[in-house]
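To start, the structure itself, in structure tokens.
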Amino acid sequence: MGLCEFLPNPQAYRFSGRNCPPKFGKFASVPLLTWKNKRRKVAASLSLTALSMETPPQGYRRNVGICLVNPSKKIFAASRINIPDTWQMPQGGADEGEDLRNAAMRELREETGVTSTEFLAEAPYWLTYDFPLQVRERLNRRWGTNYKGQAQKWFLFKFTGKEEEINLLGDGSEKPEFKDWSWMLPERVVELAVDFKKPVYEQVMKVFSPYLQEDVDEQLHKKETDTEVLMEFPPA
């Protein structure tokens, strides 16, 4: 299970197994790639990063991240127990020799109880973030290591179960890390992430953006359906 990266807040130890979305205001959306140009633009904008990050760099802990989307293409995010008002996607360390996709599914199960998923995509390269100095010193004392930060391989899964399956106590094999959860738009997930993870989250959203939008055909169908409903049942 992902290790806590902040000093614990004893008053924050409360758990919720149901959807408890915070009250969010309106905010400007972040442009996302379309299906038609996804391969060309992703390859052009991220090729240098991909070439340099095909393997995890030395000095970084191997980690997996999970972007879980629902049928409405919103992303699962949860608030940490040990720091108020900070939300993140599930993540955690990968064991030596462990298949990374299996590690992602294990972490998702341990942290959220979710097992009903469909694999959609895998980021083609590793992303890294550095620990802030205080966090780095504390974690390395605990681990007996000298990690600069974490190198993450990200996976995109579609949630195919019912929301009653989501349980922040996890599968009971690890200590819980989250207290509330919500389905969020991609830009909101980035906005609520802790500062030192924001650049990674922005890259994750760019890589998976083709899967986080409706197809053009779906948009046209929805517009046609809405028009038909208005014609049949015009406003009073």
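Since the model is a prediction, treat every value here as computed from it, not as a measurement. Numbering of residues begins at 1 and proceeds along the displayed sequence.
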*State, yes or no, whether a side-chain contact exists between Met205 and Leu212 at a heavy-atom distance under 4.5 Å.*
yes
*Separation of Phe157 CZ from Ile66 CD1 (nearest 0.5 Å)*: 7.0 Å
*Please identify each residue that fulfils salt bridge (charged side-chain N to carboxylate O under 4.0 Å, His left out) with Lys158, with sequence neighbours left out.*
none
*asked:* In the structure I gave you, are the side-chain heavy atoms of Lys198 and Asp195 within less than 4.5 Å of one another anywhere?
replied: yes
_Test side-chain hydrogen bond (donor to acceptor under 3.5 Å, both in side chains) applied to Lys74 - qualifying residues, sequence neighbours left out_ = none
*Any side-chain heavy atom of Pro124 sitting closer than 4.5 Å to one from Val207?*
yes
*Kindly compute the distance separating OG (Ser72) from CZ (Phe159), expressed to the nearest 0.5 Å.*
12.0 Å
*List for me each residue that meets side-chain contact (heavy atoms from CB on, under 4.5 Å) alongside Ser79, sequence neighbours excluded, and say none if there are none.*
Trp87, Lys179, Asp180
*What are the two closest heavy atoms between Pro57 and Thr128, and how far apart are they?*
CG-CG2, 3.6 Å
*Arg80 vs Phe178 side-chain heavy atoms within contact, under 4.5 Å*: yes
*Atom CG in Asp99, atom CE in Met105: separation rounded to 0.5 Å?*
7.0 Å
*asked:* So, using ring-ring contact (aromatic ring centres under 6.0 Å, His included) as the criterion, who are the partners of Phe76 when residues are at least two apart?
replied: Trp181, Trp183
*Apply side chain to side chain contact (heavy atoms under 4.5 Å, CB included) to the pair Leu68 and Met89, showing each step before the final yes or no.*
CA-CA 8 Å; Leu68 182 69; Met89 293 178 281; over 6 Å; no
_Single-linkage hydrophobic cluster, 4.5 Å side-chain cutoff, Val69 and Tyr211 together_ = yes
*Among all residues two or more places apart in sequence or in another chain, which pass the side-chain contact (heavy atoms from CB on, under 4.5 Å) test with Glu98?*
Ala94, Asp95, Ala103, Arg106
*Might you point out which heavy atoms bring Ser173 and Glu110 nearest each other, and give the distance in Å?*
OG-CG, 3.5 Å
*With a distance cut-off below 6.0 Å to the six-membered ring centre and an angular limit of 45° from the axis, does Arg101 pair with Phe155 as a cation-pi contact?*
no
*For the atom pair OG1 (Thr117) and CG (Leu120), what is the distance rounded to the nearest 0.5 Å?*
9.0 Å
*Given side chains that start at C-beta, do those of Ile75 and Leu185 come closer than 4.5 Å, heavy atoms only?*
no
*asked:* So, using side-chain contact (heavy atoms from CB on, under 4.5 Å) as the criterion, who are the partners of Val200 when residues are at least two apart?
replied: Leu127, Tyr129, Gln152, Trp154, Val204
*With Ser116, which residues qualify under side-chain hydrogen bond (donor to acceptor under 3.5 Å, both in side chains), at least two apart?*
Glu165
*Closest heavy-atom pair and its distance - Pro90, Thr112*: CG-CG2, 4.1 Å
*Residues two or more places apart in sequence or in another chain: which of them pass side-chain contact (heavy atoms from CB on, under 4.5 Å) with Asn146?*
Arg136, Asn140
*Close side-chain approach of Glu187 to Val190, heavy-atom, < 4.5 Å*: no
*Arg109: salt bridge (charged side-chain N to carboxylate O under 4.0 Å, His left out) partners, not counting sequence neighbours*: Asp171
*asked:* Are the side chains of Lys197 and Gln88 in contact, using a 4.5 Å heavy-atom criterion?
replied: yes
*Would you check, one step at a time, whether the test side chain to side chain contact (heavy atoms under 4.5 Å, CB included) holds for Trp126 with Leu100?*
CA-CA 12 Å; Trp126 294 79; Leu100 293 175; 3.6 Å; yes
*Over all heavy atoms of both residues, which pair between Met184 and Ala77 is shortest? Give the atoms and the distance, please.*
SD-CB, 3.9 Å
*asked:* What I'd like to find out is whether the side chain of Gln150 reaches to under 4.5 Å of the side chain of Arg62, using heavy atoms alone.
replied: no
